[in-house]
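Throughout, a chain's letter reflects where its sequence line sits, starting with A, and its residues are numbered from 1. Keep in mind that the numbers below use all heavy atoms, side chains included, and drop hydrogens, waters and symmetry copies.
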2 protein chains.
Amino acid sequence: MLAAREPVTLRALVEGTGASTMAVYTHFGGMPGLWSAVRQEGFTRLAARLAAVPRTDDAVHDLAALGVAYARTALEHPELYRAMFDAGADLADEAAADASFDRLVAAAARARDEGRLAPGADPRTLATQVWAAGHGLVSLVVQGVLPAEVLAPLATGTTVALLAAAGDDIDRCRASVEAAWAAG
Amino acid sequence: MLAAREPVTLRALVEGTGASTMAVYTHFGGMPGLWSAVRQEGFTRLAARLAAVPRTDDAVHDLAALGVAYARTALEHPELYRAMFDAGADLADEAAADASFDRLVAAAARARDEGRLAPGADPRTLATQVWAAGHGLVSLVVQGVLPAEVLAPLATGTTVALLAAAGDDIDRCRASVEAAWAAG
DNA sequence: ACTGAACCATAGCGTTGCTATGGCATGATG
DNA sequence: CATCATGCCATAGCAACGCTATGGTTCAGT
């Protein structure tokens with residue numbers, strides 16, 4: 001129903017399933033609880049997708065690959081992504097969200113420890129910047145403000161800019177990030 | 001009602017105003033039309049705030065100042081910002097949005113023409129990256145995912161990274177951007 | 001003074017999320 | 001084996017929602 005742009009109503013939901021509206025209240029406690037479960041499912045899927053990103057010997061590449069997986073997941077089910085970050089709703093699955101974010105932080109820390117970034121670079125700050133920028137781009141694309149074609153080049157440019165500012169060699173960085181987008 | 005987190009219903013809206021529910025249909029054509037008008041008002045206010053940003057002889061500073069004004073406007077009325085970029089709604093006032101975005105592009109073009117950026121830097125690309133990154137940060141702050149205190153430092157860092165990647169001297173860039181945040 | 005259009009108050013329709021109630025299983029207990 | 005307790009769901013109905021049909025009111029133009 002989300003994908004079909006149909007309004008998700010309680011009665012339309014149970015129609016054809018053989019169940020009645022009460023089932024939703026027994027298992028989810030109501031419509032808000034159901035939406036919360038939907039968002040939780042979205043974050044769980046996202047975490048699974050990010051966990052499936054293989055670790056290579058290029059931490060910068062891996063950091064970018066996480067961003068690619070993030071974008072791919074969002075664009076495959078834009079309605080789910082919109083529900084996950086819907087206005088006026090808590091994130092609903094802080095554990096899965098934190099786990100995903102920690103993967104970003106870990107990749108940034110590894111890049112620093114491997115000498116790609118400046119010793120003083122803060123992995124958490126860098127991860128937050130990459131996430132926020134990626135979230136902004138994906139949100140605008142999902143909403144139709146930006147065309148999908150510009151996502152890869154813009155995300156690549158922003159990622160390279162952030163990593164280069166953190167100390168990475170710009171040419172080497174660009175090669176790593178572009179490889180991640182080409183592989184995804 | 002938006003600010004009070006109360007549900008915006010047609011009946012609650014007209015209560016106390018002396019008007020009846022029909023007035024909404026006469027002037028806005030229904031609730032979707034009213035929300036569209038609310039979003040339009042939001043974009044109009046945003047455009048006014050951005051238009052009020054003074055032009056100095058430092059185009060990079062002005063570019064950052066636009067970002068500061070954007071963030072300030074969003075954080076002053078977070079509920080309005082959420083409504084503006086609410087899921088499943090068109091932007092509703094493309095003219096005002098484009099006008100605001102064009103100011104960003106113009107500032108980037110001026111920075112390039114003044115020699116701050118590389119001659120090959122594309123103002124439109126740079127403006128889109130700055131906007132998307134700022135939108136992502138503001139969205140996460142407005143939603144409560146990120147605390148408001150981190151907005152300024154993170155936005156500063158991202159802006160400097162993007163501009164430095166576009167060719168600006170990093171120290172001079174940081175000074176310009178930080179001045180914009182300090183002034184706003 | 002008359003006419004036409006614009007506007008809105010009233011009443012009511014269909015649908016929404018939600019709750020109260022009762023029936024039907026299943027499994028533990030004596 | 002009978003009995004009871006518990007969990008689950010179908011049914012019916014409630015208040016509130018967005019919306020529409022209808023008729024009365026107001027005001028500008030002739």
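Note on A:Thr9: only backbone sugar-phosphate atoms sit closer than 4.0 angstrom, heavy atoms only; bases stay farther off. Using a 4.0 Å heavy-atom cutoff across all strands shown, A:Val14 reaches no nucleic acid atom at all. Residue contacts shown for A:Met22 include a base, since a base heavy atom lies under 4.0 Å away. Contact annotation for A:Pro32: backbone-only contact, meaning every heavy-atom pair under 4.0 Å involves sugar-phosphate atoms and none involves a base. Residue B:Val24 is classed as having no contact, given no heavy-atom separation below 4.0 Å to the nucleic acid. Within 4.0 Å (heavy atoms only), A:Gly18 reaches sugar-phosphate atoms of the nucleic acid but no base atom.
Side chain of B:Arg103 to backbone of B:Leu50: a donor-acceptor contact under 3.5 angstrom is found. Checking side-chain atoms of A:Asp62 against main-chain N and O of A:Thr56 turns up a donor-acceptor pair under 3.5 Å. Looking at A:Gln129, its side chain never comes within 3.5 Å of a backbone N or O of B:Leu137 through a donor-acceptor pair.
The CZ atom of B:Phe28 sits 18 Å away from the P atom of C:dA6 (whole-angstrom rounding). Remark: P of C:dT19 and OH of A:Tyr25 are 6 Å apart, rounded to the nearest angstrom. Remark: C1' of C:dT16 and CG of A:Leu13 are 13 Å apart, rounded to the nearest angstrom. With rounding to whole Å, A:Leu34 atom CG is found 12 Å from C:dG17 atom C1'.
Between A:Ser20 and B:Gly30, the residue anchored closer to the 5' end of DNA chain D is A:Ser20, taking for each the nucleotide with the nearest heavy atom.
The only option from B:Tyr70, B:Phe43, B:Trp131 that meets the ring-ring contact (aromatic ring centres under 6.0 Å, His included) definition with B:Phe101 turns out to be B:Trp131.
Nucleotides of DNA chain D lying under 4.0 Å from heavy atoms of chain B occupy a range whose first and last members, 5' to 3', are D:dC17 to D:dA21.
Closest contact between the side chain of A:Arg11 and the listed nucleotides C:dT19, C:dC8, C:dT16 involves C:dT16.
Taking a cutoff of 4.0 Å between a charged side-chain nitrogen and a carboxylate oxygen, B:Glu41 and B:Arg45 qualify as a salt bridge.
Sparse packing is recorded around CD of A:Glu15, with 12 or fewer heavy atoms of other residues, nucleotides or ligands lying under 6.0 Å away.
Considering only residues two or more places apart in sequence or on other chains, B:Tyr25 meets the ring-ring contact (aromatic ring centres under 6.0 Å, His included) condition with none of them.
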